[in-house]
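One structure is given here, and the rest of the page talks about it.
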2 protein chains.
Amino acid sequence: MAGSKGVQGRQAEIMHAAAQLFNDRGFHETSMEDVAAAVGIKKPSLYHHVKSKAQIVGWIHDECVRTVLPPLMGYLEEDIPASEVLRRVAMDIFGLLDSHPGYLRVYFENHRDLDARSKTRITKKRDEYYDAVRRTLQRGNESGELVVENPNLAAMAFFGMCNWGYQWYQADGPESAAEVGEYVWSIYTAGVLAPGTSRLLDGAATAAAVQSA
Amino acid sequence: MAGSKGVQGRQAEIMHAAAQLFNDRGFHETSMEDVAAAVGIKKPSLYHHVKSKAQIVGWIHDECVRTVLPPLMGYLEEDIPASEVLRRVAMDIFGLLDSHPGYLRVYFENHRDLDARSKTRITKKRDEYYDAVRRTLQRGNESGELVVENPNLAAMAFFGMCNWGYQWYQADGPESAAEVGEYVWSIYTAGVLAPGTSRLLDGAATAAAVQSA
DNA sequence: ACGGACCGACCGACCGGTCGGATCGCTGAC
DNA sequence: GTCAGCGATCCGACCGGTCGGTCGGTCCGT
């Protein structure tokens with residue numbers, strides 16, 4: 001149901017314009033008249049293509065999920081290290097920020113503006129995505145590849161690094177999405193501490209373990 | 001100006017109730033009548049204590065900045081390793097999530113609902129905070145304590161880990177704010193990769209570097 | 001009597017959404 | 001060739017409702 005091909009044609013155009021506006025001005029500060037104007041028509045005409053404002057939000061959410069969830073499910077079936085899965089996830093998320101500017105802000109900040117049915121559907125998908133990453137971390141820990149004491153918190157930390165991009169990543173910035181994804185992933189896996197510095201340092205004892213060229 | 005002591009008394013009560021409501025229902029879905037009801041009065045009475053809805057948002061923003069910026073400025077004047085500064089920043093941010101539930105959501109999602117004057121004031125403070133962390137990373141890199149190729153991206157990754165907490169951290173969750181802050185910091189500094197695994201690994205070659213109790 | 005806290009009633013603006021009708025491009029019968 | 005018919009697209013005008021904010025006045029402690 002809901003068509004696995006996603007929104008197309010004029011509706012896709014509307015979705016795209018709306019995502020830009022919602023991102024730039026905010027969802028509630030953007031009227032349906034603004035959205036209509038952005039695609040060159042008037043409000044009543046817009047309602048010929050769209051059932052409600054909430055429906056547009058639903059499209060945007062679906063587009064986000066459609067873009068990143070199936071790839072992740074594919075990675076899980078390949079026989080690759082957990083860290084490689086994480087790397088691809090990071091790349092996918094920044095790739096989404098790059099190819100769909102504005103979409104992730106709507107996804108993260110306007111979940112409650114979905115109609116009830118879409119909300120449960122999207123929430124389920126969101127949990128699937130979250131769970132897949134958590135299980136990946138758990139698997140990495142069990143195989144000895146990773147050290148993950150708390151897969152739940154570790155997943156949140158990972159998503160934080162990636163998802164926070166919606167607050168600062170600019171598609172026309174100095175770094176490409178792939179570069180950013182790769183860099184963020186490298187910090188998550190290897191940390192920023194210079195090699196040779198003790199892994200188990202507590203705050204007070206840190207002052208001693210400083211220099212190592 | 002604006003009083004360095006922050007909002008107090010009845011106004012603080014209003015600010016607190018509003019932050020909760022804005023967090024739970026959303027800013028635009030919360031009417032001034034709702035805020036008034038939350039403190040046990042009617043809307044016209046609320047306007048006896050408050051100039052506008054935007055003013056409440058301003059209070060909440062100021063409260064966030066007031067809570068975390070001065071401490072960070074203090075850390076910079078102490079002679080401690082960069083990683084220790086980062087650790088304290090992480091603790092401060094999760095501490096804020098703990099002591100001021102809802103505030104950070106308003107801070108991150110309702111910046112544009114500030115009046116023009118507050119917006120410039122808060123933006124400046126936000127940039128100060130960001131810059132302090134970036135400079136800390138740079139200093140850590142120069143001293144050899146850290147390996148930070150891109151301080152700007154590294155700062156964003158760090159803030160991502162911490163700030164994203166507003167999306168998931170619950171004050172009544174299983175882990176305390178201090179535990180979460182410490183854990184997130186440990187991932188950021190040391191990474192999740194098991195020690196012994198090559199730092200410069202590409203995805204395919206990782207599978208070999210596995211066990212180490 | 002004075003000021004701080006409070007409230008019922010109200011206003012203007014805006015916004016999501018609707019209605020009835022106009023226009024346009026295509027199809028097919030003749 | 002042309003023209004009736006039709007569905008898709010478009011729009012001016014309008015509605016119901018909500019919300020931020022105001023006004024005039026009451027109540028109460030001092």
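On a predicted model such as this, the values are computed, not experimentally measured, just so you know. What you see below is based on every heavy atom in this structure, not just the backbone, and it leaves out hydrogens, waters and symmetry mates. Proteins get letters first, then strands, A, B, ... in listed order; numbering begins at 1 in each.
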What residues 23-41 of chain A contributes to the DNA chain C interface at heavy-atom separation below 4.0 Å is Thr30(A), Ser31(A), Met32(A)

[X] [atom1] to [N] [atom2], straight-line distance once rounded to whole Å:
X: Lys42(B); N: dG4(C); atom1: NZ; atom2: C1'; result: 20 Å
X: Gln11(A); N: dA8(D); atom1: CD; atom2: C1'; result: 13 Å
X: Ile56(B); N: dG21(D); atom1: CD1; atom2: P; result: 9 Å

Going by the rule side-chain contact (heavy atoms from CB on, under 4.5 Å), which residues pair with [X] if we only count those two or more places apart in sequence or in a different chain?
X: Pro44(A); result: Lys42(A)
X: Asn110(B); result: Phe27(B), Val57(B), Val106(B), Asp113(B)
X: Ala178(B); result: Met91(B), Ser176(B)

Closer than 4.0 Å, any side-chain N/O of His48(A) to the OP1 or OP2 of dC10(D)? no

Next on the checklist: Just N and O in the side chain of Ser45(A): are any of them under 4.0 Å from OP1 or OP2 of dC11(D)?
Outcome noted: yes

Checking Arg88(B) against Tyr75(B): charged group under 6.0 Å from the ring centre and within 45 degrees of the axis? yes

Looking at Phe158(A), is Arg134(A) sitting on its ring face, NZ or CZ under 6.0 Å from the six-membered ring centre and within 45 degrees of the normal?
-> no

Quick note, Lys53(A) side chain, CB onward, closest among dG17(C), dG21(D), dT9(D) is dG17(C)

Does the separation of the ring centres of Phe108(B) and Trp164(B) fall below 6.0 angstrom? no

### Message
Main chain of Ala157(B), side chain of Tyr188(B): is a donor-acceptor contact present, judged purely on distance under 3.5 Å?
### Response
no

Between the protein and nucleotides 18-26 of chain C, which nitrogen or oxygen pairs come in under 3.5 angstrom?
none

In short, side chain to side chain donor-acceptor pair (under 3.5 Å) pairs touching residues 51-60 of chain A with sequence neighbours left out are none

